Chemist: 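Sharing a structure below in structure tokens format, with a few things to ask.
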Amino acid sequence: MTVRTRLAPSPTGRMHIGSIAMALKNYAFAKKHGGQFILRIEDTDKTREIEDGINEIVRALKAYGLDWDEGPEKGGPYGPYIQSQRLEFYKKYAQKLVDEAKAYYCFATKEELEKMRQEALAVGKPPRYNGMYRDYPLEKAKKRIRAGEPYVIRLKVPKDQEIVFHDLIRGEIKFDSNEVSDQVLLKSDGYPTYHLAVVVDDHLMKITHVMRGEEWISSTPKHVLLYQAFGWPMPTWAHIPVFLNPDGKGKMSKRKGDVAALDFLEKGYLKEAVLNFLMILGWTPKDQREILNLDEYVREFNPADISHNSVIFDLKKLNWLNGVYIRKLSDAKLKKRLKPFIPSGFPEKKLDRVIPLIKERLVTLADFDKLTRFLWQQPSIDSKLLLKKATPELVKKQLKLTLEALESLDDFSDQAVEQVIRKLQEKHGWRKRQYFMMLRVAVTGEKATPPLFETMSVIGQEEVVSRLKEILNSKNL
RNA sequence: GGCCCUAUCGUCUAGUGGUUUAGGACAUCGCCCUCUCACGGCGAAAACCCGGGUUCGAAUCCCGGUAGGGUCACCA
């Protein structure tokens with residue numbers, strides 16, 4: 001039996017980073033076993049659907065390089081892969097259950113449902129549908145339907161039954177069927193609910209392993225019941241722990257930071273770093289290695305080894321990983337990746353010399369700007385910093401002599417600059433820390449930069465000279 | 001609240017009854033390198049939620065408590 005996994009997102013908003021994590025696991029597991037990874041769009045809630053929602057999903061998955069074998073844009077033998085185009089399947093199977101008395105029509109109104117809720121809550125019970133149409137005569141129901149009355153189809157959950165299913169990560173999980181309510185399967189607008197649609201589609205699409213979020217554990221009994229009602233073989237389930245907010249309070253949410261998958265890339269994270277981060281969040285390879293690429297992950301990933309508890313999505317490790325991946329890039333490749341993050345006024349010709357200088361200082365690609373701004377734009381200088389460890393007289397003298405020495409240089413390579421400046425420093429016995437820092441601030445306006453001489457060389461003789469002159473002429477000294 | 005899941009350093013984890021003075025990574029701190037920052041190297045501090053069992057022996061098994069998370073829709 002070939003392994004078939006799927007990702008089944010809803011086009012109801014930005015693609016969540018957690019969906020990428022889920023996609024990654026499903027993708028890896030399918031590939032590991034030479035199977036297929038399927039993308040299926042679960043757009044059965046017309047009220048929550050957003051414009052361009054499917055496109056968002058497709059773009060995010062592609063941006064992270066998690067391509068699917070069957071699904072939108074690709075097709076496949078079990079299509080269509082968009083649920084709103086599969087309505088007749090759901091209708092047919094819901095009907096089948098009604099015919100076999102495993103499901104029933106229900107005409108309960110919103111008001112009645114709300115009243116039930118309130119009454120249940122009042123006595124401290126879980127708010128649930130009370131089964132008022134469970135035994136309603138079928139003939140009467142059909143008559144009301146013929147008359148045009150809106151209805152839903154509900155699952156007739158058997159009483160006093162133990163529902164057991166096996167989870168790859170947690171083992172056996174048991175529920176009492178009396179705890180399961182008569183779930184709506186087909187809504188009054190003719191669309192299926194998630195529960196009917198997943199079961200029908202996972203079966204029809206021959207999905208063998210369902211890896212999905214832990215939040216689905218409590219609805220799995222409904223799915224088990226459905227599989228049993230249809231007489232279909234069940235897939236293997238693996239419920240993956242959810243991501244928690246950095247403060248550990250609740251599921252990772254937009255309110256407490258970025259959750260949109262594409263935003264991470266736009267903020268300058270490398271897709272391979274994000275993927276790597278997602279891999280080791282809640283799972284480690286046998287040798288405890290933390291840096292691994294997709295191929296290695298595919299080879300070594302086993303859902304049974306995923307940790308059982310929810311994990312905090314902590315950006316610190318991502319930041320570290322991103323730096324690791326940036327440093328691994330060749331200069332040429334880094335240059336290519338940096339393109340979208342280079343501000344429009346940046347002088348192209350400096351780029352090749354700048355990249356090696358900032359490579360080990362970048363946490364994200366977006367840091368490029370702040371690390372290089374002073375190379376091409378005149379910085380504002382804080383004179384207090386200039387005078388931090390020396391008198392105005394000394395600083396003035398240092399600046400003047402440095403200016404003269406640099407002005408007369410024919411060669412402004414970093415070696416030439418270094419030679420001249422070191423000579424000055426030694427000749428006058430200036431303290432290195434003070435002198436170099438003063439110069440750094442004078443030329444760049446910053447306290448932390450790449451090495452001074454390279455930096456000056458990249459800025460260029462004319463500009464360095466002009467910046468020094470300006471300081472000497474200013475009244476602040 | 002009912003039901004379900006979970007519980008090792010701040011964070012992610014290794015550990016599957018004795019090999020453990022509980023290991024690694026990130027973060028933190030210190031030292032080295034050094035013109036600053038970063039990179040790199042070395043080092044430090046830092047955890048088995050609590051209480052009962054089982055056992056010669058428990059981070060590891062069982063039970064209870066506690067805490068956290070999830071879920072209770074004609075949303076997925």
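Proteins come first, then strands; the chains are lettered A, B, ... in the order of their sequence lines, and each starts at number 1. The model shown is predicted, which means the values in this text are computed figures rather than measured ones.
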Chemist: Using the P atom in both, what is the distance from B/C4 to B/G64, to the nearest Å?
Modeler: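 Each nucleotide's P atom is 12 Å from the other's.
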
Chemist: Among B/A7, B/U71, B/G2, find the nucleotide with the atom closest to the side chain of A/Glu179.
Modeler: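 The answer is B/G2, which lies nearest to the side chain.
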
Chemist: Using a cut-off of strictly less than 4.0 Å, decide whether A/Lys187 has a side-chain nitrogen or oxygen near OP1 or OP2 of B/A76.
Modeler: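 Yes.
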
Chemist: Using atom CG of A/Leu185 as one end and atom C1' of B/A73 as the other, report the distance to the nearest whole Å.
Modeler: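 Checked: the CG to C1' distance equals 14 Å.
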
Chemist: B/G69, B/A73, B/U13: which one has an atom nearest the side-chain heavy atoms of A/Val242?
Modeler: B/G69

Chemist: A/Arg327 has a side chain; which of B/C26, B/C39, B/U36 sits nearest to it?
Modeler: B/C39

Chemist: Would you classify A/Tyr191 as touching base, sugar-phosphate or nothing, given that sugar-phosphate means primed atoms plus P, OP1 and OP2, and contacts are heavy atoms under 4.0 Å?
Modeler: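 Counting heavy atoms under 4.0 Å across all strands, no contact is made by A/Tyr191.
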
Chemist: Would you find more than 12 non-hydrogen atoms of other residues, nucleotides or ligands less than 6.0 Å from A/Lys102 atom NZ?
Modeler: yes

Chemist: Under a 3.5 Å limit for both distances, which nucleotide forms a Watson-Crick or G-U wobble pair with B/A58, could you say?
Modeler: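 Pairing partner: none.
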
Chemist: Consider the side chain of A/Lys249, meaning its heavy atoms from C-beta on, and name the nucleotide among B/U8, B/C12, B/G69 that approaches it most closely.
Modeler: B/G69

Chemist: What's the closest nucleotide to the side chain of A/Ile173 if the choices are B/C4, B/A76, B/U13?
Modeler: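 Minimum distance to the A/Ile173 side chain belongs to B/C4.
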
Chemist: Counting side-chain heavy atoms from C-beta on, which of B/U71, B/G69, B/A76 comes nearest to A/Leu244?
Modeler: B/G69

Chemist: With heavy atoms under 4.0 Å as the rule, sort A/Arg433 into base, sugar-phosphate or nothing.
Modeler: sugar-phosphate

Chemist: Any strand is fair game: report the nucleotide pairing with B/C3 by Watson-Crick or G-U wobble, both distances under 3.5 Å, or none.
Modeler: B/G70

Chemist: For A/Glu51, I'd like to know if atom CD has over 12 heavy atoms of other residues, nucleotides or ligands within 6.0 Å.
Modeler: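 No, CD of A/Glu51 has 12 or fewer neighbouring heavy atoms, counting only those of other groups under 6.0 Å.
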
Chemist: Less than 4.0 angstrom between a side-chain N/O of A/Arg422 and OP1 or OP2 of B/C35, yes or no?
Modeler: yes

Chemist: Need one value for A/Lys174: base, sugar-phosphate or nothing, where a base atom within 4.0 Å counts as base even if backbone is also close, heavy atoms only.
Modeler: sugar-phosphate

Chemist: Under 4.0 Å, counting only non-hydrogen atoms across every strand here, what does A/Thr44 touch: a base, just sugar-phosphate, or nothing?
Modeler: sugar-phosphate

Chemist: Would you measure the distance from the C1' atom in B/G41 across to the matching atom in B/U8 and give it in whole Å?
Modeler: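 The same atom, C1', in both gives a distance of 29 Å.
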
Chemist: Under 4.0 Å, counting only non-hydrogen atoms across every strand here, what does A/Pro246 touch: a base, just sugar-phosphate, or nothing?
Modeler: nothing

Chemist: What interatomic distance, in whole Å, is found between P of B/C74 and the corresponding atom of B/U28?
Modeler: 49 Å

Chemist: For A/Arg170, answer base if it contacts any base atom (sugar-phosphate contacts may also be present), sugar-phosphate if it contacts only those atoms, and nothing otherwise; contact means non-hydrogen atoms under 4.0 Å.
Modeler: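 If one applies the 4.0 Å heavy-atom cut-off, A/Arg170 turns out to touch the sugar-phosphate alone, with no base involved.
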
Chemist: Quick check for you: among B/C12, B/G69, B/U71, whose closest atom lies nearest to any side-chain atom of A/Ser310?
Modeler: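 Closest nucleotide to the A/Ser310 side chain: B/G69.
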
Chemist: Using a 4.0 Å heavy-atom cut-off across all strands, classify A/Thr47 as base, sugar-phosphate, or nothing.
Modeler: nothing

Chemist: For the side chain of A/His308, starting at C-beta, report the closest nucleotide among B/U36, B/U13, B/U6.
Modeler: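 Minimum distance to the A/His308 side chain belongs to B/U6.
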
Chemist: Does a side-chain N or O of A/Arg289 approach OP1 or OP2 of B/A25 to a distance below 4.0 Å, or not?
Modeler: no

Chemist: Using distance alone, with no hydrogens and no angle criterion, decide if A/Gln398 and A/Gln434 have a side-chain donor and acceptor under 3.5 Å apart.
Modeler: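 On atom types as modelled, these side chains qualify, holding a pair under 3.5 Å.
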
Chemist: On the six-membered ring of A/Tyr105, is A/Arg154 placed so that its NZ or CZ lies under 6.0 angstrom from the centre and within 45° of the ring axis?
Modeler: no

Chemist: Determine whether A/Tyr151 and A/Tyr136 satisfy the following criterion, ring pair (Phe, Tyr, Trp, His ring centres under 6.0 Å), listing intermediate values before the conclusion.
Modeler: CA-CA 13 Å; A/Tyr151 68 96; A/Tyr136 195 68; over 10 Å; no

Chemist: Which part of the nucleic acid, if any, lies within reach of A/Glu215 when heavy atoms closer than 4.0 Å are counted: base, sugar-phosphate only, or nothing?
Modeler: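 Sugar-phosphate: the residue A/Glu215, judged by heavy atoms under 4.0 Å, touches backbone atoms but no base.
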
Chemist: Between A/His223 and A/Tyr194, does a ring pair (Phe, Tyr, Trp, His ring centres under 6.0 Å) hold up when you go through it step by step?
Modeler: CA-CA 10 Å; A/His223 307 161; A/Tyr194 171 85; 5.8 Å; yes

Chemist: Looking only at the side chain of A/Ala448 (C-beta and beyond, no hydrogens), which of the listed nucleotides B/A25, B/U36, B/A76 gets closest?
Modeler: B/U36

Chemist: Checking all strands, does A/Leu321 fall into the base, sugar-phosphate, or nothing category for heavy-atom contacts under 4.0 angstrom?
Modeler: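 If one applies the 4.0 Å heavy-atom cut-off, A/Leu321 turns out to touch nothing in the nucleic acid.
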
Chemist: Is the NZ or CZ atom of A/Arg144 positioned over A/Phe107's six-membered ring, under 6.0 angstrom from the centre and within 45° of the axis?
Modeler: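 The answer is yes, since A/Arg144 meets both limits relative to A/Phe107.
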
Chemist: In this structure, how many angstroms lie between the P atom of B/U11 and the CG atom of A/Asp247, rounded?
Modeler: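 Whole-Å distance recorded here is 12 Å.
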
Chemist: Tell me what A/Pro356 touches on the nucleic acid: a base, only sugar-phosphate, or nothing, going by heavy atoms under 4.0 Å.
Modeler: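 Touches nothing.
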
Chemist: Assign A/Lys316 to base, sugar-phosphate, or nothing according to its heavy-atom contacts below 4.0 angstrom with the strands shown.
Modeler: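 Sugar-phosphate only.
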
Chemist: Can you tell me the distance, in whole Å, between the CD atom of A/Glu172 and the C1' atom of B/C4?
Modeler: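 Interatomic distance, CD of A/Glu172 to C1' of B/C4: 14 Å.
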
Chemist: Should B/A44 form a Watson-Crick or G-U wobble pair with both distances under 3.5 Å, which nucleotide is its partner?
Modeler: B/U28

Chemist: Atom CG of A/Asn276 and atom P of B/C12: how far apart are they, to the nearest Å?
Modeler: 17 Å

Chemist: Does the pair A/Tyr325 and A/Trp320 meet the rule for a ring pair (Phe, Tyr, Trp, His ring centres under 6.0 Å), with working shown?
Modeler: CA-CA 9 Å; A/Tyr325 276 90; A/Trp320 167 69; 9.1 Å; no

Chemist: In whole Å, I'd like the distance from the CD atom of A/Glu290 to the C1' atom of B/G23.
Modeler: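 Going from A/Glu290 (CD) to B/G23 (C1'), I get 13 Å.
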
Chemist: Could you let me know what B/A38 is paired to, Watson-Crick or G-U wobble, both distances under 3.5 Å, or none if it's on its own?
Modeler: none

Chemist: Looking at A/Lys46, I'd like to know whether one of its side-chain N or O atoms comes within less than 4.0 Å of OP1 or OP2 on B/C74.
Modeler: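 False: A/Lys46 side-chain N/O out of range (4.0 Å or more) of B/C74 OP1/OP2.
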
Chemist: Of all the choices, B/G2, B/C4, B/A25, which nucleotide is nearest to the side chain of A/Trp320 once you look at every atom?
Modeler: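 Looking only at side-chain atoms, A/Trp320 lies closest to B/A25.
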
Chemist: At 4.0 Å (heavy atoms only), tell me whether A/Val311 reaches a base, stays on the sugar-phosphate, or touches nothing.
Modeler: sugar-phosphate

Chemist: Take atom P in B/A22 and the same atom in B/C48, then report the distance between them in whole Å.
Modeler: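 Roughly 11 Å separates the two P atoms.
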
Chemist: Using whole Å, what does the distance between atom P of nucleotide B/U28 and atom CG of A/Asp314 come to?
Modeler: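 One finds 11 Å between P of B/U28 and CG of A/Asp314, rounded.
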
Chemist: Map A/Asp176 and A/Leu186 onto RNA chain B by nearest heavy atom, then report which one ends up closer to the 5' terminus.
Modeler: A/Asp176

Chemist: Is A/Asn245 close enough to B/G69 that one of its side-chain N or O atoms is under 4.0 Å from OP1 or OP2 there?
Modeler: no

Chemist: Using the P atoms only, state how far B/C63 lies from B/G68, rounded to an integer number of Å.
Modeler: 22 Å

Chemist: Can you measure A/Glu214 atom CD to B/U6 atom C1' for me and round it to whole angstrom units?
Modeler: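 A/Glu214 atom CD is separated from B/U6 atom C1' by 7 Å.
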
Chemist: Taking for each residue the nucleotide of RNA chain B with the nearest heavy atom, is it A/Lys447 or A/Ser307 whose nucleotide lies nearer the 5' end?
Modeler: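 Checking each residue's closest nucleotide, the 5'-ward one belongs to A/Ser307.
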
Chemist: Have a look at A/Pro450 and say if it touches a base, only the backbone sugar-phosphate, or nothing, with a 4.0 Å heavy-atom cut-off.
Modeler: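 The answer is base, as A/Pro450 lies within the cut-off (heavy atoms under 4.0 Å) of a base atom.
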
Chemist: Confirm from the modelled atom types if A/Ser218 and B/C3 form a donor-acceptor pair under 3.5 Å, side chain to base only.
Modeler: no

Chemist: May I ask you to say whether A/Glu42 pairs ionically with A/Arg40, meaning some side-chain N is under 4.0 Å from a carboxylate O?
Modeler: yes

Chemist: For A/Lys317 and B/U28, what is the distance between atoms NZ and P respectively, to the nearest whole Å?
Modeler: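 Checked: the NZ to P distance equals 13 Å.
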
Chemist: At under 4.0 Å between heavy atoms, what does A/Thr449 touch on the DNA or RNA strands: base, sugar-phosphate, or nothing?
Modeler: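 Contact class for A/Thr449: base.
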
Chemist: Can you tell me if A/Asn319 and A/Tyr269 form a side-chain donor-acceptor pair at under 3.5 Å?
Modeler: yes

Chemist: At less than 4.0 Å, is any side-chain N or O atom of A/Arg361 found next to OP1 or OP2 of B/C39? Yes or no.
Modeler: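 Checking B/C39 against A/Arg361, no side-chain N or O comes under 4.0 Å of OP1 or OP2.
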
